[in-house]
Amino acid sequence: MAAKPDDSKKRKHAPAAGGKSAPKKLKSSTDKILKKPHKSIKQLGDKKQQPKPHVPVESKRERRIQAKELAEARKKKRKKHYTLEQELASLWEKMRTRNIAKEERSRLVSDALKKMKGKIPEIASSHVSSRVLQTCVKHCTQDERNAVFVEIRPHFITLATNTYAVHLVTKMLDNASKEQQALFISALHGHVATLLRHMVGSLVVEHAYQLGNAAQKQTLLMELYSPELQLFKDLISAKEARLVDVISNLQLQKGSVIRHMTSVLQPIMEKGILDHSIIHRALVEYLTIADKTSAAEIIQQLSSPDLVRMIHTKDGSKIGIFCIKHGSAKERKKIIKGMKDKVGKVARDKCGALVLVSILSIVDDTKLLSKVIIRELEGILKELLSDQNGRRPLLQLLHPNSSRHFSPDELAALGSSVPSLVTKSPSEVNETETSGLGEAGKEDVDVTESSLVNEGGKKDPLTRRQELLVHSGLAEKLIDACCEMAEELLRSNFGKDVIYEVAMGGADSILSPTLDGKLETLHGVIASLAAHPKMEGSDEQHLFEHFHSSRTIRKLILDSPSFACTLYEKALKGKCSIWAQGHSAKVISALLETSSAMVHKLVKKEVQPLVDDGILKLAK
């Protein structure tokens, strides 16, 4: 089979006429040279003869310097005030040192402010310049500070939303006079809701709210309530602090206020901006006027692990109590799990401790509480016993809602509820529906059963306390800690309440009879400490003479006959005459003032003669 001709090869040129091909012209080296007229033969010869010039290799240091110079040149083009910022940075390094003289620092601050004059709003947004300005505002004279305030005043809102300039604004607020503070708060008029939705701007509003007086705080809050209140803010007096009073006095439509507040607060909560006290206050006021459906939605939205970020303020802790009281079991579980590894910090906080108390008083899932809260409290038990706030969850388990351990305001907060979510009798519900304000009364009527929320736990309170305190093992560890720290607790202003409640066995004798043996041991430890002889000239007072411990021991004698007998047998028998004067006399007189006949019989022979001789006086 014949091979196919190769089509890939170029076709040969057709022969010229007559069948003879044209003779090929030989190419010479001179033809090649002539084709490139721009290069002469001499130039080609020179190129071959001359070697390439040696280019020195740059070192790493030189390359780094060149890159730095290039970066500097680019920054100068990109940043308008780059050179000024460099000068300010060098001045700042000098003025912020600790060992600099006051006069020298004042001179440097003045120089820096002169360089920045007229350019402060522009350069305040810079990372470096903002820090320089903060230092200058802190150390400058009042006249210089006033000049800075005047220059940035038209740009407050813009600077408040900048990541770096916001620190200058808050620093200016900290050092502002009352007139300047009032001017700044008036500059926020119409922008409060917008700024609160901004992660950076919300810091400025909160700072102004914290520094403002009652009237200024009210002005900021009114912008969140209703557009009408922004226009007619002069009609509201500082006495009308509650939103309910404002609505009734100005005859506003309750439904429109609820809708406006929902539109303002909803984006803030969706963005997770929950740390500020002004938002907590607005939420509390919203829940006081909201209908059942709206209130239930807010409670459901707030009942999350993020609630722990709100409970550090008075109003935030109130919201936390509302969520625990009215939330479902599932929502309560979310809140408790969100406190994991934060229980100690929450317990030591004045407001957070109340939320913890509410959880221990309401939540029925004692297994979850023991796992998350009780276990963490046990790990820091000794630290909490003498802590003013940390002891409160323990005192609540030992003696619930005692006026000795909680102030009237705190007890009121623990008992507070959302008005629209409180379970009411049919007659009360009808009254509420007919006497509602504006449109809100009609909105309350159409509420489905699914919107009803829990109010308190279903478990018996005594059973819940036994499971959390005794069955979990907390009580045993608590008694052991009291035995170990008995003297310290008796002398402590806050620890004395804990050791008293433990030694008494708790309200309803919750620690008896399970831990009677441990309680007797604690009584013996206190009696042994009291049995130490009185040391003349010693700096440390005896337990019978110390202000806190003498009163705690007296109270135990009056309320616990078993402790009174133990103390007399171990520490006072035959020594009553020694302690019959001074602070200790109250301890001895308590032996006869107690209502226990057993104690009277035991001590009468020794103590009664002291009364008869006029050495010891009994309380009337």
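Scope of the values below: all heavy atoms of this structure, side chains included, with no hydrogens, waters or symmetry mates. Index from 1, following the sequence.
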Q) Side chains of Leu385 and Arg391: closer than 4.5 Å at any heavy-atom pair? A) no

Q | Side-chain donor or acceptor of Gln181 paired with backbone N/O of Leu211 under 3.5 Å | A | yes

Q | Listed partners of Arg281 passing salt bridge (Lys or Arg N to Asp or Glu O under 4.0 Å), at least two apart | A | Glu285, Asp315

Q) Tell me, do Phe184 and Leu173 make a side-chain contact under 4.5 Å, heavy atoms counted? A) yes

(Q) Checking His207 against Thr170: is there a side-chain donor and acceptor pair closer than 3.5 Å? (A) no

Q: Please answer whether the main-chain N or O of Leu354 pairs with a side-chain N or O of Ser358 as donor and acceptor at a distance below 3.5 Å.
A: no

Q. Does atom NZ of Lys350 have more than 12 heavy-atom neighbours from other groups under 6.0 Å away?
A. no

Q | Arg107/Asp111 ion pair, N-O < 4.0 Å | A | yes

Q: First locate atom NE2 of His276, then atom CD1 of Ile268, and finally report the distance between them rounded to the nearest 0.5 Å.
A: 9.0 Å

**Q.** Polar side-chain atom of Arg348 near backbone of Gly390 as donor-acceptor pair, under 3.5 Å
**A.** no

**Q.** Heavy-atom check, side chain of Leu368 versus side chain of Val363, under 4.5 Å
**A.** no

Q) Should Cys351 and Ile311 count as side-chain neighbours, where that means a heavy-atom distance under 4.5 Å? A) no

Q: May I ask you to decide if Glu383's main-chain N or O and Asp387's side chain share a donor-acceptor pair within less than 3.5 Å?
A: no

(Q) What I want to check is whether the side chains of Ser130 and Gln134 have a donor and an acceptor closer together than 3.5 Å. (A) yes

(Q) Show every salt bridge (charged side-chain N to carboxylate O under 4.0 Å, His left out) that has at least one partner inside residues 150-163, sequence neighbours left out. (A) none

Q) Is the side chain of Arg309 donor-acceptor paired with the backbone N or O of Gly272 at a distance under 3.5 Å, no angle test? A) yes

Q. Are Thr219 and Val192 close enough that some pair of their side-chain heavy atoms sits under 4.5 Å apart?
A. no

(Q) Counting only heavy atoms not in Lys119 (residues, nucleotides, ligands), do more than 12 fall under 6.0 Å from its NZ? (A) yes

**Q.** Exercise: do Asn493 and Gln388 side chains pair donor with acceptor under 3.5 Å
**A.** no

Q.
Give me each pair satisfying ring-ring contact (aromatic ring centres under 6.0 Å, His included) with a member in residues 336-360, each pair once, sequence neighbours excluded.
A. none

Q. Ion pair present between Arg491 and Glu488, side-chain N to carboxylate O less than 4.0 angstrom?
A. no

Q: Quick one: list whatever passes salt bridge (Lys or Arg N to Asp or Glu O under 4.0 Å) with Lys334, sequence neighbours left out.
A: none

Q) Taking the side chain as C-beta and beyond, is there a heavy-atom pair between Ser416 and Phe322 under 4.5 Å? A) yes

Q: Could you note down all residue pairs passing ring-ring contact (aromatic ring centres under 6.0 Å, His included) where residues 298-318 supplies at least one of them, sequence neighbours left out?
A: His280-His312

Q. Crowded around Arg61 CZ? As in, over 12 foreign heavy atoms under 6.0 Å?
A. no

Q. Listed by chain and number, what are the side chain to side chain contact (heavy atoms under 4.5 Å, CB included) partners of Thr262, not counting sequence neighbours?
A. Ile258, Gln266, Tyr286

Q) Looking only at atom types and distance, does a side-chain atom of Ser129 sit under 3.5 Å from a main-chain N or O of Ser125, one as donor and one as acceptor? A) no

**Q.** Flag, side chain of Asn175 to backbone of Lys171, donor-acceptor distance under 3.5 Å
**A.** yes

(Q) I'd like to know if the side chain of Lys325 reaches the main chain of Ser417, judged simply by a donor and an acceptor atom lying under 3.5 Å from each other, with no hydrogens or angles considered. (A) no

Q: Using a 4.5 Å cut-off on heavy atoms from C-beta on, say whether the side chain of Leu88 contacts that of Val128.
A: no

Q | Non-hydrogen side-chain atoms of Glu223 and Leu188 separated by less than 4.5 Å | A | no

Q: Test side chain to side chain donor-acceptor pair (under 3.5 Å) on Gln142 and Arg145 and set out the steps.
A: CA-CA 5 Å; Gln142 189 59 45; Arg145 195 175 293 120; 2.9 Å; yes

Q. For Asn99, does its backbone N or O pair with a side-chain atom of Thr97 as donor and acceptor, under 3.5 Å?
A. no

Q) Are any side-chain N or O atoms of Glu297 and backbone N or O atoms of Ser294, one a donor and one an acceptor, separated by less than 3.5 Å? A) no

